[in-house]
Structures are given as C-alpha cells and as structure tokens.
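Everything on this sheet refers to the single structure shown next.
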Amino acid sequence: MKPKKKTIIAWSLLAALLLVGLLWVRSRPNAASAAAKNPEGEIEGIDLTYLTFNLANEKKLQVQCGESQKGDEDTLRMKKIVATIYRVDKLGEDIRIAAERGRAGNEFNDFFLEGNARISSPRFTLSGRSFDLKSLDLLSSRDAVDIRLSPVSGRAAGGMVYVIQAKLMKLLDFKGVMIRDERPFDFQARLLRVNRKKDWLLMEGNVRVEGARSALRARRVLMQFDQGFAQAQWALATGECLFDTRQAGDDGLRLDKEIAAERIKLLYGEQGRLRLLEVREQATISTSSREGKSRLRSDAVDITLDPETQILSEARMLARGTLASEGRENLRVDCLTLDAAYDPAGELTSVQAKGECRFVTDEFSGVSQSLAYDASRGEIDISGQNSTIDSGRNRFQSSHFRMRTGSKSITSRHGVKATIVPGRKSALLGARPVFVTADAMETSQQDNASRFTGKVNLFQNEVEMHAGELQIDGPGGAITCTGGADLRFRDNGEPLDLKGKNVSFDPDSSRLVVEGEARLEQGANSLAASRIELVFGPDEKLQDVFASGAASFRKQDIEGRCQVLHWQYERQSVIFRDRAEISRRAAGTTRGQELHLDLASNQIIVSGSKD
C-alpha cells in the first residue's frame, strides 16, 4: 500500500474513536444529579461477607450483611448485620455483633449499629437501640443499654462505654440485679464501672444494694470478685454508708442490725457468705432482738457474723467508743477497746472492755481500767488501780469489784476505800461524807446496806472508828461495828473514846451502844462494863450514859463499882446501883444499894447504905 493511503486510513480511525468518545460523555448522567435522584445510592450487593486480617494473616474480623451500599466519606452502609471480632484477648473470646442496620468505615475498624443492636461474648451481652464502635475497641452508646454480665444484669438508662481490650466498662444510671451466695440483690448506682480483667465492680453515686434480708447504701461501693466473677471476696463502701439486716420473727421480718459509718468493708468467706465487716469512721452499730437492743459507737469496729445465719456473733471495738445495751440488763460502757459477744438470738451475752473504762448501769456508775460483763450470771467485774463505783451518793474505790445486777450488790476482796453520805445529820455523824477503808466490802441496794470487813476504819471530821467489821444501813440508817471496835468522837468539844467487842448506833433513837468489854473514857473519867449505852438529847448532845454488868467508874483517885450505872452526863453526876461501892484512895470505901457521885465536887451521897 502506498504511504499516502496509509496516512489517510490512520487519520480516519482516529477521528472515529474521538466521535465515539464524545457521544459517550454526552450520554453519561451527572454524578451530583444522580445522587440527588437516589440519595440511598445504588445497591452494591446482597448477602455479602467481608473479611479483614491482622499482620500475622489471622482472621481479625468477619462481617456479613443482607445488603450493602457505599456511603459518603469512604463508608459502607449495611443492613441485617452479623459480625464477629476474633480473639480479642488471651482467652480467645470472640465478640459477636448483630444489628438491623449500620455503617462501617476506616477499613472496617469503625462501626455504627442501630436497630435491636446486640454485642455479646461468652461472658457478657449488651443490647440497645444503637452502639458506636471505634477501632474495634471503644464501644459506646448514649441510649439505654441492657446488660448481662456475671454476676450482674440490668439496664444502664444513661448509656455506656466499654474499652474492649482493657475490659473496662462504664454504665450510667444503672439499675439491676446481682447474684451473690445464690441469692438475688437489687442494686442501683448513677455510675457502674466493671473491670473484667481484674474482676471488680465499682458503683458510684447514690448506691443501693438490697436483698431479701439486707440492704447497703453508700456514695461509693467497690466489690472485688475471684476469677470470672464467680464469688465475691470483699466489698468496700465509702461515704454515708448504711448497712442493715433483717431476721424473721413472729410478726414478719424485723430489723436486727443497722450499721452506719463513713467506710464499711465487707469480707466474704470461701462459700461467698458474708463473715466480717470492718466499720470505720463515725461508726454506729445498732442491734435489736426480742429481749432488747444495743448501740455501739466508735471510729473503728470489726463485726463477725455467723456464716450460716448471718446474725451478729461478735463486735470488736478498736478505738475509743461507747456501747449502750438495753434489755435484760441496762449497761453503758465507754472505753478504749471492747469485745462484745452475742448469742444465736442476737442477745448480748458478754462484754470485755479495756482502757479508761467509764460505765453506767441502772444502779451503779464508775471508772476502771477493765470491765467484764457476763449476762448469763448477771455479773460485772471491774478492775484496775483506783477503780471507782458510784452508788447513789456513795462512792467506792478498789483494785477489783464485782457487781451483781440482779441483787444490785457490789463486792470487793481487794482493799476498799469508800465515801458514804449519811443522808442526814445525827448525834454521832454529820451530814457530810463518811470515809471508810477496809480489806473487803459488800453493799446492796436491795438490802439498803453496806458491810465492810477486815481492818475497818471510819472517819468523819472529829469522828474516828476502827473495827473488825462495819455495817452501815442507809442512808441515815443504823451503824453497827463488830469484831472489836474503837470509837472516838467529840461531844460539845469534849473528846470521848469508846471500845468494845461491838458498837452500834441508832440515829432514830439517838442511842449508841457498846457491848462486850465495853469501855468509855472522857477526860479524867473512865467507865468499863459489859454494856455501855450513850443517849443523846434533842440537841444532839450527850445527855446520859448507862452501864450494866460489872460496871466500874474511875475519876482520878475515886473508883466506883456496881451492876447498874447511870451517868447523868449533863448534870455531871454518876448514880451507882445494885451492890454499889465507891472507893477513895486513902479514905476508905462507901457501899450501898444506891450511891451518887458529884463529879464537880467529888461529893458522895449514900442512899440505902449498908455501912
């Protein structure tokens, strides 16, 4: 072929191609107008499966959908979505995703799911109207979400956030049910955090956990579980905590325990049952039973529960506080440390208190270094140097006391100091306190008497008494000394000394009696007899002295003897009767049935003389 002809043919083919291209461009629709006419775009395919792989060429994600279509900004819109995120942790847990519709982006690393959306794994299930998943790790929703996660299930009305790789979940405005010890507990919190890697739950904001027989309220509660949330190990409640339990009674459930504090730690046993509560900061533990109630206040208290019945069995106070019990016995104790034990019915059975104890019962109050209370025996033992008991207006001190609440009595065998208020002024004792020391004592409000034994000493102003035993009936009652008595007091400024085996004083009759080798000494005058009786007048001054049984009276060089003697104390006259005789040194003896001795003049008057 000639060259010229070849050139013409080439140009003809080129022109034909250009014409075809021009016609094709003019016939193609405008992309913007097409999108406006069909905002959903064109369906790319149906019943599709998308796969992604990690750097190790392992399957990372599988997405199946009923249909898909391209969206804006490199997104893919899908319907009827079912997806699986593979091996997201060491346990190889797969997470499955399902939703009616949604979109994927960022090379299938980001998803938005809506319409009956569901996220699940072998350990949890999340259901809600919509979810947003970023980088296949950050899952969130602003809608209400239903959750099932061992050991809780419920609804987060305010939405949720879940960091999948870190296994951290945050649920807002949550209400649900927790299973513990195979029992359901309703609980709620403004914020619930779940750490599935470390097996703990954290509830914050108006927290409330309530079961059939117990309830816990606090601002914040942290619960630690064993692996896989199988059983609770401990829980820590902080901020205005209140924990209460109820027990079955004849009239239904009744409150048996209420614990309020700023911090409460609950410790669980091997079977997941609550066994110990550590209560701290402004703690108040209130218990009630059929017989009574008690209240314990301290900044640190440990409470032990019976593992089967969950009834309080022991309370241990670790910082200064107060125990107040009302019921069979009313007792209040303030001390540094205290152990209280309870029986299966929740009744207080014993108390062991130590350190600067202060106590109050219905009858007594006092202080000591230690206190032991035995409810079954109705006994309270207190001990420690200078232990003190107040009974009414009377006070007793010793290193050890035993109080019996039934008989309202106090005993001590360890040396006693007592301060007793007579209650009223008498001829012998004034209204001011009487001070007594003794080896031992026993006092009873029931018998209204105090008895002291062993080296007894009594003091009040100018009154001093020493005896083997002393009994004071009071207040304002009789005083009786036995086992050898020595009494010294003043009458109108005159000192009087009395001695005898027994001494008794009756303030009602104003009579003081000395029996058994009785002796009375008053200045230069001395009197001895089997029995001596002092009678005081209305002005509480000594008026008369009577003696019987081989009476002997001596004044300087004058000595008189008789069987019955009457010393007219105010008149300074002594009358001797029954085989009476008066001897004057170097002047002989006068005898008669009745003799009178004038102490002022030493004159002797004979009545019924024998010689």
Side-chain angles (χ1 to χ4, degrees), residues 427-428 458 462-470 479-506 509-537 541-611:
L428 181 63
L458 179 150
E462 296 177 337
V463 177
E464 182 178 339
M465 180 184 293
H466 308 281
E469 294 186 7
L470 167 66
I479 297 175
T480 304
C481 298
T482 59
D486 183 351
L487 173 62
R488 181 178 300 143
F489 67 99
R490 285 181 178 271
D491 179 77
N492 201 24
E494 294 282 343
L496 285 88
D497 290 334
L498 287 164
K499 292 183 179 180
K501 291 184 178 180
N502 303 314
V503 174
S504 61
F505 174 69
D506 182 1
S509 63
S510 294
R511 291 175 180 268
L512 191 153
V513 177
V514 183
E515 295 180 299
E517 302 177 5
R519 292 182 63 86
L520 166 62
E521 293 187 6
Q522 184 266 323
N525 306 316
S526 65
L527 172 65
S530 296
R531 184 179 188 274
I532 297 175
E533 180 177 342
L534 286 72
V535 180
F536 298 85
K541 294 181 180 180
L542 182 58
Q543 192 173 59
D544 292 287
V545 177
F546 298 94
S548 60
S552 171
F553 182 88
R554 175 178 292 181
K555 178 188 176 185
Q556 297 174 345
D557 62 344
I558 299 174
E559 182 177 357
R561 298 177 184 277
C562 65
Q563 292 301 311
V564 178
L565 181 146
H566 178 194
W567 181 356
Q568 296 175 324
Y569 192 81
E570 288 185 325
R571 297 181 181 180
Q572 297 188 54
S573 174
V574 181
I575 301 173
F576 299 82
R577 295 188 178 95
D578 191 2
R579 291 181 285 176
E581 65 178 35
I582 299 175
S583 300
R584 190 190 302 265
R585 188 179 304 168
T589 301
T590 303
R591 295 182 176 85
Q593 284 300 108
E594 181 175 305
L595 303 176
H596 292 247
L597 173 64
D598 188 327
L599 297 177
S601 63
N602 290 336
Q603 181 181 2
I604 300 173
I605 301 174
V606 180
S607 175
S609 174
K610 287 186 177 179
D611 355 274

Nearest non-hydrogen partners of [X] and [Y], listed with the distance:
X	Y	result
M465	C481	SD-SG, 2.5 Å
F536	A427	CG-CB, 3.4 Å
V503	L487	CG1-CD2, 4.3 Å

In terms of the angle between their ring planes, are F546 and H566 parallel, tilted or perpendicular, with boundaries placed at 30° and 60°? parallel
Option from R591, R579, E581 for which side chain to side chain contact (heavy atoms under 4.5 Å, CB included) with R561 holds: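 With R561 as partner, R591, R579, E581 yield a single side chain to side chain contact (heavy atoms under 4.5 Å, CB included), made by E581.
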Qualifying residues under side-chain hydrogen bond (donor to acceptor under 3.5 Å, both in side chains), relative to Q568, sequence neighbours excluded: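 Listed in chain order: nothing, the list is empty.
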Taking only residues two or more places apart in sequence or in another chain, which ones pass ring pair (Phe, Tyr, Trp, His ring centres under 6.0 Å) with H596? none
Please report the C-alpha distance between T480 and N502 in whole Å, then the side-chain angles of each, then the deciding distance to 0.1 Å, and finally whether the side-chain contact (heavy atoms from CB on, under 4.5 Å) criterion is met. CA-CA 7 Å; T480 304; N502 303 314; over 6 Å; no
Before accepting this row, confirm whether a basic side-chain N of the pair K541/E570 lies closer than 4.0 Å to the acidic partner's carboxylate O. no
Would you confirm whether D578, through its side chain, and Q563, through its main-chain N or O, come within 3.5 Å as a donor-acceptor pair? no
First locate atom [atom1] of [X], then atom [atom2] of [Y], and finally report the distance between them rounded to the nearest 0.5 Å.
X	Y	atom1	atom2	value
L597	E559	CG	CD	12.0 Å
I605	T590	CD1	OG1	12.0 Å
D491	E462	CG	CD	10.5 Å

Donor-acceptor pairs under 3.5 Å, side chain of residues 492-500 to any protein atom, not counting sequence neighbours: which ones?
| from | atom 1 | to | atom 2 | distance (Å) |
| --- | --- | --- | --- | --- |
| E494 | OE1 | Q522 | NE2 | 3.1 |
| D497 | OD1 | R488 | NE | 2.7 |

When you compare the side chain of [Y] with that of [X], does any pair of heavy atoms fall below 4.5 Å?
X	Y	value
V545	F553	no
L512	I532	no
L520	V514	no
S548	R531	yes

Among residues at least two apart in sequence or on other chains, which ones pass side chain to side chain contact (heavy atoms under 4.5 Å, CB included) with [X]?
X	result
A600	Q572, D598
D557	R584, R585
H466	N457, F459, E464, D486

Would Y569 and L534 satisfy side-chain contact (heavy atoms from CB on, under 4.5 Å), going step by step from the backbone distance to the final call? CA-CA 9 Å; Y569 192 81; L534 286 72; over 6 Å; no
